[in-house]
Student: 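Handing you this structure, nothing more for now.
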Amino acid sequence: MTISINNFASADGAKLSPQHIASAVAETRRSVGYSIEELAITTGLVNDEIVRIENGTDADPAKLKRIAAALKVPVTTFLPS
């Protein structure tokens, strides 16, 4: 079974947008001062996986949790408020 961000809804019932998540991940990464390469090394993901997440084509919740942990932010940072 594959988990997809498209199967989740926000607290108000709206579907979560991969584009919103993508921009939040990229913005948080930059604000912490990580390059894509540094984040990939820290998370154990490959550069292409980070790029796909930041482009909005991949929003695997397990990868998002790894990224949040590496950036030392709660995973909810990537979700709409």
Student: Has Arg66 got a side-chain atom pairing as donor or acceptor with Thr43's backbone, closer than 3.5 angstrom?
Tutor: yes
Student: Hydrophobic clustering (ILVMFWY, side-chain heavy atoms < 4.5 Å, transitive) - are Ile41 and Val73 grouped together?
Tutor: no
Student: May I have the step-by-step check of side-chain contact (heavy atoms from CB on, under 4.5 Å) for Lys63 and Ile50, ending in yes or no?
Tutor: CA-CA 9 Å; Lys63 291 176 186 175; Ile50 305 293; over 6 Å; no
Student: Return the OG1 to OH distance between Thr42 and Tyr34, rounded to the nearest 0.5 Å.
Tutor: 4.0 Å
Student: If you take all heavy atoms of Leu39 and Ala70, which pair is closest and at what distance?
Tutor: CD1-CB, 3.9 Å
Student: Can you tell me how far apart CD1 (Ile53) and CG (Asp58) are? Round to the nearest 0.5 Å.
Tutor: 5.0 Å
Student: Between CG of Leu71 and CZ of Arg30, what distance do you get to the nearest 0.5 Å?
Tutor: 11.5 Å
Student: Just how far is it from atom NZ of Lys72 to atom OG1 of Thr77, taken to the nearest 0.5 Å?
Tutor: 14.0 Å
Student: Can you tell me how far CZ of Phe78 sits from NZ of Lys65, rounded to the nearest 0.5 angstrom?
Tutor: 12.5 Å
Student: Between Glu54 (side chain) and Val51 (backbone), is there a donor-acceptor pair under 3.5 Å?
Tutor: no
Student: Find out whether Ile67 and Leu45 are in side-chain contact, i.e. whether some heavy atom of one side chain is under 4.5 Å from a heavy atom of the other.
Tutor: yes
Student: Indicate the atoms forming the closest heavy-atom contact of Ala40 with Val46, along with that distance.
Tutor: CB-C, 3.9 Å
Student: Does Ala62 offer a backbone N or O that forms a donor-acceptor pair with the side chain of Asp60 under 3.5 Å?
Tutor: yes
Student: Are Ile21 and Val25 close enough that some pair of their side-chain heavy atoms sits under 4.5 Å apart?
Tutor: yes
Student: Between Ala68 and Pro74, what is the shortest heavy-atom contact and its length?
Tutor: CB-C, 4.1 Å
Student: Holding to side chain to side chain donor-acceptor pair (under 3.5 Å), I want the full list of residues that pass it with Ser35, two or more places apart in sequence or in another chain.
Tutor: Glu37, Glu38
Student: Where do Gly56 and Pro18 come nearest, in terms of heavy atoms and distance?
Tutor: O-CB, 3.5 Å
